[in-house]
Enquirer: 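Take this structure first; my questions come after.
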Amino acid sequence: MSMRSRSLSIAAVVALLAPNLAGCGTVNEKLSAGVGDYVPQWAGGLPADAPPRPGTPQYDAYMRERERKRLLPAAEREKEEQAQKGAAPGGTGRQ
């Protein structure tokens, strides 16, 4: 096999395999958005204290609560955080 035919065959193989690799990336991007919610944390899934996904009712409630806390004066915010820590030792995790 001459050098020219060898390089031509390598180029042909690369040209045939490149779209397959790009297709896998697209599929994985779409699957990972939904599948990641069901993977356990020890296997690389979402941690227990991760905020809810955008576009869900839980996310809207989370953002309203976050905005409410942001508008509180610092002293009241600290009192509220201390009350929550005292009421729920160990945390309740994601709702």
Side-chain angles (χ1 to χ4, degrees):
M1 184 178 247
S2 72
M3 243 356 224
R4 183 178 174 137
S5 63
R6 183 174 180 198
S7 62
L8 186 59
S9 63
I10 290 174
V13 167
V14 169
L16 290 173
L17 293 178
N20 291 331
L21 186 58
C24 289
T26 305
V27 169
N28 288 336
E29 176 188 342
K30 293 176 182 176
L31 283 177
S32 67
V35 174
D37 293 339
Y38 303 106
V39 176
Q41 183 180 0
W42 59 266
L46 288 173
D49 60 349
R53 296 272 184 182
T56 62
Q58 294 87 2
Y59 180 77
D60 295 336
Y62 171 78
M63 292 305 288
R64 280 193 301 273
E65 179 64 17
R66 188 172 167 189
E67 181 67 14
R68 184 190 69 78
K69 286 182 179 179
R70 187 184 70 83
L71 295 174
L72 280 177
E76 290 181 30
R77 194 176 325 141
E78 290 173 2
K79 287 179 187 176
E80 186 175 301
E81 288 174 1
Q82 292 298 326
Q84 286 179 352
K85 287 180 183 176
T92 57
R94 197 168 104 170
Q95 297 177 3

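Computed from a predicted structure; not experimentally measured.
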Enquirer: Who clusters with Leu71? Use side-chain heavy atoms, under 4.5 angstrom, across I, L, V, M, F, W and Y, and order the result by chain and number.
Expert: none
Enquirer: In Å, rounded to the nearest 0.5 Å, how long is the span from CG of Leu72 to NZ of Lys79?
Expert: 11.5 Å
Enquirer: Do other residues, nucleotides or ligands put more than 12 heavy atoms under 6.0 Å from Arg77 CZ?
Expert: yes
Enquirer: Mind checking who shares a hydrophobic cluster with Tyr59, ILVMFWY linked at side-chain heavy-atom distances under 4.5 Å?
Expert: Tyr62, Met63
Enquirer: My understanding is that only residues two or more places apart in sequence, or in another chain, count here; which of them pass salt bridge (charged side-chain N to carboxylate O under 4.0 Å, His left out) with Glu80?
Expert: Arg68
Enquirer: Can you list the residues that meet the salt bridge (charged side-chain N to carboxylate O under 4.0 Å, His left out) rule with Arg70, with sequence neighbours excluded?
Expert: Glu67
